[in-house]
Asker: 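Pasting in a structure now, in structure tokens, and then I'll have a few things to ask.
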Number of protein chains: 2
Amino acid sequence: MATIDDVARKAGVSKGTVSSVFSKKRPISQQVTERVLEVAKELGYFPNHIARSLSIKKTMIAGLRIPLSSDGTMSAFDSQMINGVIKECSKQGYRVLLDTLPEQDDPTLFSQDPVDGIIMLNPRKNDTRIGRYNQMGIPLVLVGRPDPLDDSISYVDNNNTEAAYQVGDYLLRSGHKSVLFLNASSDMTVAYDRKNGLMEAFRHHGLPFSEEHVMHYNRKLHVSGTEYGYMSIMDTFEAMNYSAVITDTDRVALGVLRAARELGIEVPERLSVIALSNDATLAQEINPKLTSVELSADLLGAEAAKLLIEKMNDMSMNRQVIIHAKLVVRESCSTQNSS
Amino acid sequence: MATIDDVARKAGVSKGTVSSVFSKKRPISQQVTERVLEVAKELGYFPNHIARSLSIKKTMIAGLRIPLSSDGTMSAFDSQMINGVIKECSKQGYRVLLDTLPEQDDPTLFSQDPVDGIIMLNPRKNDTRIGRYNQMGIPLVLVGRPDPLDDSISYVDNNNTEAAYQVGDYLLRSGHKSVLFLNASSDMTVAYDRKNGLMEAFRHHGLPFSEEHVMHYNRKLHVSGTEYGYMSIMDTFEAMNYSAVITDTDRVALGVLRAARELGIEVPERLSVIALSNDATLAQEINPKLTSVELSADLLGAEAAKLLIEKMNDMSMNRQVIIHAKLVVRESCSTQNSS
DNA sequence: AAGGGTTATTAAACCGGTTTAATGATCGAA
DNA sequence: TTCGATCATTAAACCGGTTTAATAACCCTT
């Protein structure tokens, strides 16, 4: 590859001049510009992004840290989130660096990434990385609230507690007395928040809430979301007494529907299904159309990107954005059940 | 941020020594190593990835160029492909830079990316970028074959022609005489290859092939894949005479199924559906379970990553990988139709 | 005690850009 | 004609690492 020096030499000008021709930060006369561009073309010269980044201390790259499950696949939620991030970043001229490498805890090996800021998914409890990024002066935005809550950190999240309350309220109002909740993995804050919301709804309606009716997704037990839904119904429908199921994702709901078909349970007549949806288009295409809560993962991603870019421009800025998840009633819930 | 100089000064050693402590490329005595690490910790020093990249001329980043549709969303195929790329890259210590920015054709603005190599999706006909990357000496791997074919380029692709032939053969054997093909966008090589495969099957069975029965996805007409499927059936079922539909993706099949439900057409009794699937788990979860061709986008991605890493280590290396797409019979096709 | 062979460390050059401060050229006004 | 102002260009320093060639320190042998 030709360098800026090669161009400068051949065009008979200085490095600085060539630099200015390309960056346009300083006006260069018509003639000189033309000669430089011509030589550059001749030599096949393109500015080196890394050298430039080193100099201006900016890479125009946003880092996106996603913890992948052990089998290396990402969920529909992840995928839509990424989509949102990319969309917003592209719009503002940023590229996105995906990082799924397990974090090295050996600081000797820990090397700063070539990014101007970082969006981090599913922060852990008391996540030490948050402090580390702060110390390094790298702008950070979380997707999913920090635990414990901390409003000196920028983050975006759904109104999980409220959404779960809403779902519970809707089901109980419709006459359901007992509900199976196929919740997310128990180590996630969303799982905790949602359970609280649902409990609150039961309390509000003066009905007893059974912890046993809350399942948690478990990597070791379930090979996939659909399998989680399928197995949970197969295992519990006989033994437990419920007339409605709330599922963690649309995929889980697909598994529930398959189990219902095999057991000859009519949906929604004998079993109502509500999905906490991460795939807006899927819910309306399956039969029966799924009543669901739209989480808008893409919006979460886009907002996270906006927040990050804001923060890159002003480190002192931090903000929290709550994406309103709301119930969309379709066909998978009965409204006059009272089993 | 503290720099290597700060550490060197405070530890009373030279830059080079500090560098060696972190990179471990040269042995440094026990005592010196300890003092340097201690000072580094004290100062909160982490090696600067960009400076390091500039010096060693390697970033350990693979670029992934995906053309996003105008609404900025990616398809399930894209998403799975990315998944595969990430999985393989992570395994080998590479990170992935997603680039969806439209390519600047103004060479003044065109800046080399901070990547060691590039995986490019859906190359265009006579894609000028291929030559450009070659000229810049950047390792390149395509996902989707180059057009025209060129075996001096590394790429991965499905055996599209063959797969389409297989599908056609299966349907014609089953007694179908007329098939609607909801093909991909007409500017894609896959669309071309698949059509050829299908035509070949008709020829082989001595049946007439009607160009009118091949539709192409069109961004301007269809808001989504499902809508494409839905509308195509609604518009043509009465007028055209077909007993089977081949769809570009599972989502398109979902639209077809919805249209069938609304028109009271039984699947598979009166209409058979086969999806060229990009979402393995979805096909088996919907009702009826979709007979489909598994494209294994994740495998394509993983293979592309492998090829790229190979090529980064040896520029002269180039290889082509064909991922075998094969028909999986489930429930959505009748086998004794002859309408 | 001097010479030869290791080994550990350093100073300086280098990677390929940007930017600052200084220089040179050009022009209009006094 | 000369001075000052404006503008284009340049030389050199800088960004934060790696690496090479030279030096210094050490150990062992004769």
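Here is the naming used below: chain letters follow the sequence lines, and residue numbers restart at 1 for every chain. Just so you know, these numbers come straight off a predicted model, no measurement behind them.
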Asker: Does the protein touch nucleotides 11-28 of chain D at the base, only the backbone, or not at all? Give it as B, S and - per nucleotide, heavy atoms under 4.0 Å.
Answerer: ----BBBBBB--------

Asker: Just to verify, what does Asn126(A) make a side chain to side chain contact (heavy atoms under 4.5 Å, CB included) with, not counting sequence neighbours?
Answerer: Pro148(A)

Asker: Arg26(A): what forms a side-chain hydrogen bond (donor to acceptor under 3.5 Å, both in side chains) with it, not counting sequence neighbours?
Answerer: Ser20(A)

Asker: Suppose we screen for side chain to side chain contact (heavy atoms under 4.5 Å, CB included). Which residues come up paired with Leu140(A), at least two apart in sequence or across chains?
Answerer: Ile118(A), Met120(A), Ile130(A), Tyr133(A), Leu142(A)

Asker: Rounded off to whole Å, could you give me the CD-to-C1' distance for the Gln31(B) and dT9(C) pair?
Answerer: 13 Å

Asker: The criterion is salt bridge (Lys or Arg N to Asp or Glu O under 4.0 Å); which residues satisfy it with Asp193(B), sequence neighbours excluded?
Answerer: Arg145(B)

Asker: Which pairs pass salt bridge (Lys or Arg N to Asp or Glu O under 4.0 Å) with one or both residues in residues 11-20 of chain A, sequence neighbours excluded?
Answerer: none

Asker: Please list, chain by chain and in numerical order, all residues satisfying side-chain hydrogen bond (donor to acceptor under 3.5 Å, both in side chains) with Ser29(A), sequence neighbours excluded.
Answerer: none

Asker: Applying side chain to side chain donor-acceptor pair (under 3.5 Å), run through Ser79(B) and Ser79(A) and close with a yes or a no.
Answerer: CA-CA 6 Å; Ser79(B) 153; Ser79(A) 156; 3.2 Å; yes

Asker: For Asn158(B), check side-chain hydrogen bond (donor to acceptor under 3.5 Å, both in side chains) against everything at least two apart and list the hits.
Answerer: none

Asker: With axes from five pairs an end, tell me the bend angle of the helix from dA1(C)-dT30(D) to dA30(C)-dT1(D), nearest 10°.
Answerer: 60°

